[in-house]
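Notes follow once the structure below has been shown.
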There are 2 protein chains.
Amino acid sequence: MVTIKDIATMANVSRSTVSRVLNNSGYVSEEARQRVEKVIEATGYVPSGYAKSLRTKQTKVIGVILPTIQTETPSRVVTGLGRELSKHGYQILLANTDHDKEKELEYLDLLVRQVDGIVLIATNTEPELTQKIKSMNLPFVMVGQEAENVICVTYDDYHVARDVTAFLVDKGHTQIGFIGVDETDQAVGCFRKKGFYDEMKSRDLSIEEAWVQKGVFDIDSGCKAMKKIIEDSKQRPTAIFAVTDRLAIGAMSYVKRIGMEIPKDIAIAGIGASELSQYVDPPLTTVDYKNETAGEEAAKQLLAFIQGEDYQKKIVLDYRLLSRDSV
Amino acid sequence: MVTIKDIATMANVSRSTVSRVLNNSGYVSEEARQRVEKVIEATGYVPSGYAKSLRTKQTKVIGVILPTIQTETPSRVVTGLGRELSKHGYQILLANTDHDKEKELEYLDLLVRQVDGIVLIATNTEPELTQKIKSMNLPFVMVGQEAENVICVTYDDYHVARDVTAFLVDKGHTQIGFIGVDETDQAVGCFRKKGFYDEMKSRDLSIEEAWVQKGVFDIDSGCKAMKKIIEDSKQRPTAIFAVTDRLAIGAMSYVKRIGMEIPKDIAIAGIGASELSQYVDPPLTTVDYKNETAGEEAAKQLLAFIQGEDYQKKIVLDYRLLSRDSV
DNA sequence: CTGTTAGCGCCTTCAA
DNA sequence: TTGAAGGCGCTAACAG
């Protein structure tokens, strides 16, 4: 492996000079620079990243911890992160927890000494986690969930939920069902649910117990939740608000299977603006969350923090309701 | 930052001894080991990865270069890679080229000195690329495309295409259209097309020129390609074979829009077993490529190569035709 | 403008 | 079973 020393010898200068042209810092005569550059070109020399890191205490790597890369939300966020980070010469070290909370903690340990900062695409806000993060005082940004004392980039889940609900009500629905997720996920589980309840209440609409069901983050569980709603309700709802597109699509597939028509017999809305949502039949009314922007913002805040510049502690992103034929 | 030296001092041993317990190599008395472990526990010490790398020439990091992380194929591969790599203490450094071939080359340079090996999820096999790869002689595996003299994990695109075509023919279709992609993508562009042509020929079926169209990797272009087929054909095909699910779904959305029924008026098949494919209406006949397995295999071969064990130069994965209602 | 020097934190002989 | 010493490749004062 060719090292800075070899380059120095070959170009007839000292290692410092080579280092100077590499980082173009300090003074280097045009003549020396050219000689060095020629040798670098000829040898295809690339400096060793870890030797550099050892010296500078900077790795130019950001750790990204996420629950899965197979769904659109995290992969869009990663795309946004990557785009912004690479602009500044940073790279991404990927840590996929596969929805395993244990691994979340483990990865934190694993990453702490190899990265300049961490982005967590979060699905929960358990104190164990936030505690640990604070304890290692490493630049840190959380995406998708709010937490005290950490930089976070979130969506306005509460108002989104109110808006979607209001949208359904405005379309004439008074009996609205809800498919949510477990409340350990604060953003998706609590805030969206609260938004739904609050809006219903403000409209003086009541909610039958069986109208509210819970699923996990996949299509199949949306299907099951819908089944339960249909089977257990005294009076069937005329509209369903599902907190994710996949749940909504699961619900759609169930009601279609039992011969109901959408939106005539039942209207359905989701959240997420997944690609799927435009191609199911009928196209699903949903909310665009701009996940790539979230990734970019997260990167910006993290880099600002790392570089000691001004950063915002909390960013709440904009959203857009996409009204389509399912309502 | 606490270093190995601090631990040594606190545990009243030399740095070497600490290093020995850290890597459990060489002899360490039980007594010394316990003292060291206690101090490590107490301080929460984690060794510096880059200092270690500098010494050992191993980073325990694998670079993964991919065109995008937003579609299912690459994200599934990455999941498989991650699963296998993490078992062996390796991590993933992600390089998203955003379909930019220039960046592919750049990333190669960027990564070469920071990783122990590279996995490329390839969309082309241009000599510039393979040349460069060979020139840097770094452990390397290519996923999805074949190339000479590099380890690769591929799918059997040619036979898949023949099988799908045969399946359509067996269902009674004799006029079959084809939506492909550009042939710079050898696997998807050439092999699948060749499989289609060869099977048609072996069945003595002719193909009208307008039946064969080309798109890019998105739904919209499938839609456009389908439009062209419908508008330009003298005789409309009764079945369409699209080389990816998204193209197929685009085609579906077009034919539905003009009032044709699937599969009554026209049958459609794709490749990829995307999640979308099961929830479009009707569910799409497609081929499951087992991308996660591809990722796992790629990781296994790469690690075997790195560790000087036996590896296979070429792995061709199995597939499964999923017959659904669109045919 | 350039070279010398001194580590960064770790592992690995080598000798004890 | 342990410690001393050297060096991985690089940068950053500091002195010329």
Side-chain angles (χ1 to χ4, degrees), chain A residues 1-40 43-61 89 109-116 136 138, chain B residues 1-40 43-61 89 109-116 136 138:
Chain A
M1 192 83 274
V2 36
T3 74
I4 198 172
K5 205 175 149 192
D6 302 321
I7 304 296
T9 314
M10 296 169 75
N12 232 302
V13 293
S14 72
R15 290 171 302 165
S16 336
T17 302
V18 178
S19 175
R20 283 187 195 104
V21 345
L22 247 26
N23 305 292
N24 58 78
S25 57
Y27 299 106
V28 181
S29 68
E30 194 45 37
E31 196 201 6
R33 152 165 286 119
Q34 299 218 339
R35 254 181 310 156
V36 171
E37 278 170 352
K38 210 155 73 186
V39 176
I40 289 178
T43 54
Y45 165 73
V46 180
S48 152
Y50 35 87
K52 193 166 176 166
S53 295
L54 181 57
R55 236 349 279 247
T56 60
K57 308 289 173 213
Q58 272 204 60
T59 63
K60 290 283 194 172
V61 172
D109 279 326
L110 190 60
L111 291 175
V112 60
R113 295 271 272 170
Q114 345 187 19
V115 299
D116 293 346
M136 32 189 245
L138 190 70
Chain B
M1 194 82 275
V2 35
T3 75
I4 198 173
K5 204 174 151 193
D6 303 321
I7 305 295
T9 314
M10 294 169 76
N12 232 302
V13 292
S14 73
R15 290 172 303 164
S16 333
T17 301
V18 178
S19 176
R20 284 188 195 102
V21 345
L22 246 27
N23 305 292
N24 60 79
S25 58
Y27 298 106
V28 180
S29 68
E30 194 45 39
E31 194 201 7
R33 153 164 285 117
Q34 298 218 342
R35 252 181 312 156
V36 171
E37 278 169 351
K38 211 156 72 186
V39 177
I40 289 177
T43 54
Y45 165 73
V46 180
S48 152
Y50 35 88
K52 193 166 176 167
S53 295
L54 181 56
R55 235 349 276 250
T56 60
K57 307 290 174 212
Q58 272 205 59
T59 61
K60 290 284 196 172
V61 172
D109 279 326
L110 190 60
L111 291 176
V112 60
R113 296 272 267 160
Q114 346 189 16
V115 299
D116 294 345
M136 33 187 246
L138 191 68

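A quick note: this is a predicted structure, and the numbers were derived from the prediction, not measured. Lettering follows sequence order; numbering is per chain, from 1.
OP1 or OP2 of C:dG3 lies within a sub-4.0 Å distance of a side-chain N or O belonging to A:Ser14. Within the structure, every side-chain polar atom (N or O) of A:Lys57 is placed at least 4.0 Å from both OP1 and OP2 of D:dT11. OP1 or OP2 of C:dC11 has not a single side-chain nitrogen or oxygen of B:Tyr50 nearer than 4.0 Å. Checking the phosphate oxygens (OP1, OP2) of D:dT1, no side-chain nitrogen or oxygen of B:Thr17 falls inside 4.0 Å.
Side-chain atoms of A:Thr43 come within 3.5 Å of backbone atoms of A:Val39 as a donor-acceptor pair (strictly under, hydrogens ignored). Using modelled atom types, no side-chain atom of B:Ser19 and backbone atom of B:Arg15 make a donor-acceptor pair closer than 3.5 Å. Not a single donor-acceptor pair under 3.5 Å links the side chain of A:Ser53 to the backbone N or O of B:Tyr50. The closest donor-acceptor contact from the side chain of A:Asp116 to the backbone of A:Lys60 lies under 3.5 Å.
Between the P atom of D:dG9 and the CD1 atom of A:Ile7 lies a distance of 12 Å, rounded to the nearest Å. Look at CZ on A:Arg15: it is 10 Å from P on C:dT5, rounded to the nearest Å. Taking atom CD1 on B:Ile40 and atom P on C:dC10, their separation rounds to 10 Å, with Å as the unit. The separation between B:Asp6 atom CG and C:dC10 atom C1' is 13 Å, rounded to whole Å. For A:Leu22 and D:dC10, the CG to P distance is 8 Å, given to the nearest whole Å. We find that CG of B:Leu54 is positioned 11 Å from P of C:dC11, with the value rounded to whole Å. Across the protein-nucleic acid pair, A:Ile4 atom CD1 and C:dA6 atom P stand 18 Å apart, rounded to whole Å. Taking atom NZ on B:Lys5 and atom C1' on C:dG9, their separation rounds to 10 Å, with Å as the unit.
Applying the 3.5 Å distance criterion, the base of D:dG9 shares no donor-acceptor pair with the side chain of B:Arg55.
Residue contacts for A:Arg113: at a heavy-atom cut-off of 4.0 Å it reaches the sugar-phosphate backbone alone, with no base atom in range. Residue contacts for A:Ser16: at a heavy-atom cut-off of 4.0 Å it reaches a base atom on one of the strands shown. Base contact: B:Ser19 has a heavy atom under 4.0 Å from a base atom.
Here the side chain of A:Lys52 is nearest to one of D:dC10, D:dG3, D:dG9, namely D:dC10. Candidate nucleotides D:dC10, C:dG3, D:dT11 were compared by shortest atom distance to the side chain of A:Val13, and C:dG3 ranks first. The listed nucleotides are C:dT2, C:dC8, D:dA12; the one nearest the side chain of A:Val28 is C:dT2. Distances were taken from every side-chain heavy atom of B:Ser29 (C-beta onward) to each of D:dG3, D:dT1, D:dC8; the shortest belongs to D:dT1. Side chain of B:Arg20, nearest nucleotide from C:dC10, D:dC14, C:dT13: C:dT13. Between C:dT2, C:dC11, D:dT2, one nucleotide has an atom nearer to the side chain of A:Ala32 than all others, and that is C:dT2. Nearest nucleotide to the B:Tyr27 side chain, out of D:dT2, C:dT12, D:dA13: D:dT2.
Residue whose closest nucleotide on DNA chain D sits further toward the 5' end, between B:Arg35 and A:Gly49: B:Arg35.
Interatomic distance, B:Leu22 CG to B:Tyr45 OH, rounded to the nearest 0.5 Å: 5.0 Å.
Shown here for B:Ala8 and B:Ser14, the closest heavy-atom pair between the two residues is CB-C, 3.7 Å.
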